[in-house]
Amino acid sequence: MSQHVFKRAGFLAATVGVAGLLGAGVASAHVTANVYGSQPTKGGYAAIVFRVPSEEPNTATTKVAVDFKADYGIGSVRTKPLPGWTAEVTKSKLPTPITKDNGTQITEAVTAVTWTAQPGNELKATDYQEFSVSFGPLPTNVDEVEFPAHQTYSDGKVVDWNQPTPAGGEEPEHPAPTVKLAAKAEGDGDHAAMGANTASTTGEHTEAAAATSDSTARWLGGAGLLVGAIGLGVGAGATIRARKATAKSGGNS
């Protein structure tokens with residue numbers, strides 16, 4: 001009976017250990033849109049960060065393009081300067097003007113933001129980068145905004161992160177980055193007049209918040225690795241004890 005218990009404990013500990021080792025690096029396997037701070041509200045302004053990991057083993061990421069859907073009617077986008085990368089905001093004329101809550105008509109909207117690496121600043125397979133933007137005003141007729149992304153590698157390969165997540169919640173292979181929008185609080189006025197200043201101020205705090213979030217992620221990753229190592233160690237120890245117990249039992253017989 002003792003031998004059975006030891007074997008079962010060893011199996012469970014080893015399983016926990018492997019899960020800890022695998023779980024430490026799974027979360028950041030694709031391009032994501034992250035909010036550091038308050039959740040953006042419908043009709044307001046947002047400051048978000050696109051986190052882009054470079055995953056191809058023998059090539060590097062040289063360009064990242066993010067699409068802004070024209071029907072969102074995003075009239076203004078600001079990019080945060082990133083050393084070694086240039087940013088270009090693309091605006092397109094709308095076939096039909098979009099009228100905002102305050103009556104303002106948007107005749108052209110932001111449809112893309114593209115970051116290009118300067119020589120020597122490409123993302124290697126072990127790297128990731130964060131691209132910060134502030135923009136608005138946000139649409140009021142959707143619960144989330146989706147930003148299809150396109151990641152270009154130095155060998156010419158382009159990976160499209162543009163698959164919508166189905167209602168069932170099962171994540172596709174290349175999900176499009178999305179940000180959920182909070183409901184506009186009752187009594188809130190229009191943010192158009194002060195939106196640019198608000199977004200700019202929020203953007204200034206994004207880097208510090210992102211650093212804090214990244215530190216937390218690194219700590220959790222380290223904790224996962226430690227738990228994994230402990231689990232494997234316990235499993236190995238249990239297995240050794242079980243073998244000793246078996247050998248001793250055999251000798252006594």
Side-chain angles (χ1 to χ4, degrees), residues 23-55 61 64-69 72 74-89 110 112-115 117 121 123 126-140 142-151 161-162 165 169 171 175-185 188 191-192 194-224:
V26 169
S28 60
H30 51 261
V31 176
T32 57
N34 304 285
V35 176
Y36 300 124
S38 301
Q39 198 70 17
T41 59
K42 297 179 179 181
Y45 281 72
I48 67 174
V49 174
F50 294 103
R51 175 171 290 194
V52 181
S54 199
E55 298 180 311
T61 297
V64 176
V66 176
D67 295 338
F68 285 66
K69 295 185 178 181
Y72 291 160
I74 304 297
S76 173
V77 170
R78 293 186 180 184
T79 60
K80 186 171 184 179
L82 182 64
W85 290 75
T86 58
E88 180 183 1
V89 177
V110 175
V113 179
T114 303
W115 290 270
N121 291 277
L123 302 181
T126 55
D127 296 342
Y128 77 89
Q129 187 55 269
E130 293 188 327
F131 304 89
S132 302
V133 294
S134 61
F135 56 90
L138 294 164
T140 58
V142 295
D143 295 324
E144 66 178 18
V145 283
E146 186 179 84
F147 302 97
H150 314 281
Q151 185 174 8
W161 303 93
N162 57 359
T165 299
E171 190 174 78
T178 59
V179 172
K180 293 188 180 298
L181 301 181
K184 189 174 182 179
D188 276 1
H191 293 81
M194 63 178 183
N197 290 335
T198 302
S200 179
T201 301
T202 306
E204 291 174 1
H205 294 288
T206 299
E207 184 176 11
T212 300
S213 176
D214 187 54
S215 296
T216 302
R218 290 172 183 271
W219 184 88
L220 291 174

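Heavy-atom basis, side chains included; hydrogens, waters and symmetry copies ignored.
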Whether the side chain of Y36 engages the backbone of A47 through a donor-acceptor N/O pair (distance < 3.5 Å, no angle test) should be reported.
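Looks like no, no N/O pair under 3.5 Å.
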
Looking at Q129 and S54, would you say the former's side chain and the latter's main chain have a donor-acceptor pair under 3.5 Å?
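No: the side chain of Q129 does not pair with the backbone of S54.
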
For a 4.5 angstrom cut-off between non-hydrogen side-chain atoms, does [X] reach [Y]?
X: Y72; Y: V145; value: yes
X: V64; Y: T114; value: no
X: L181; Y: D143; value: no
X: V66; Y: F131; value: no
X: F147; Y: I48; value: yes

Distance-only donor-acceptor check, side chains N162 and H150, under 3.5 Å
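No pair is found: no donor N or O on one side chain lies under 3.5 Å from an acceptor on the other.
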
Take the angle between the ring planes of F68 and F135 and call it parallel below 30°, perpendicular above 60°, tilted in between.
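If you compare the ring of F68 with that of F135, the planes turn out perpendicular.
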
Indicate the atoms forming the closest heavy-atom contact of [X] with [Y], along with that distance.
X: E55; Y: H30; result: OE2-N, 4.2 Å
X: L82; Y: E130; result: CD2-O, 4.1 Å
X: T140; Y: K42; result: O-CD, 3.7 Å
X: P137; Y: G43; result: CB-O, 3.8 Å
X: L123; Y: W85; result: CG-CZ2, 3.8 Å
X: T41; Y: A183; result: CG2-O, 4.1 Å

Test side-chain contact (heavy atoms from CB on, under 4.5 Å) applied to Q39 - qualifying residues, sequence neighbours left out
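Testing Q39 for side-chain contact (heavy atoms from CB on, under 4.5 Å), a comparison that skips the adjacent residues, returns V35, V179, K180, A182.
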
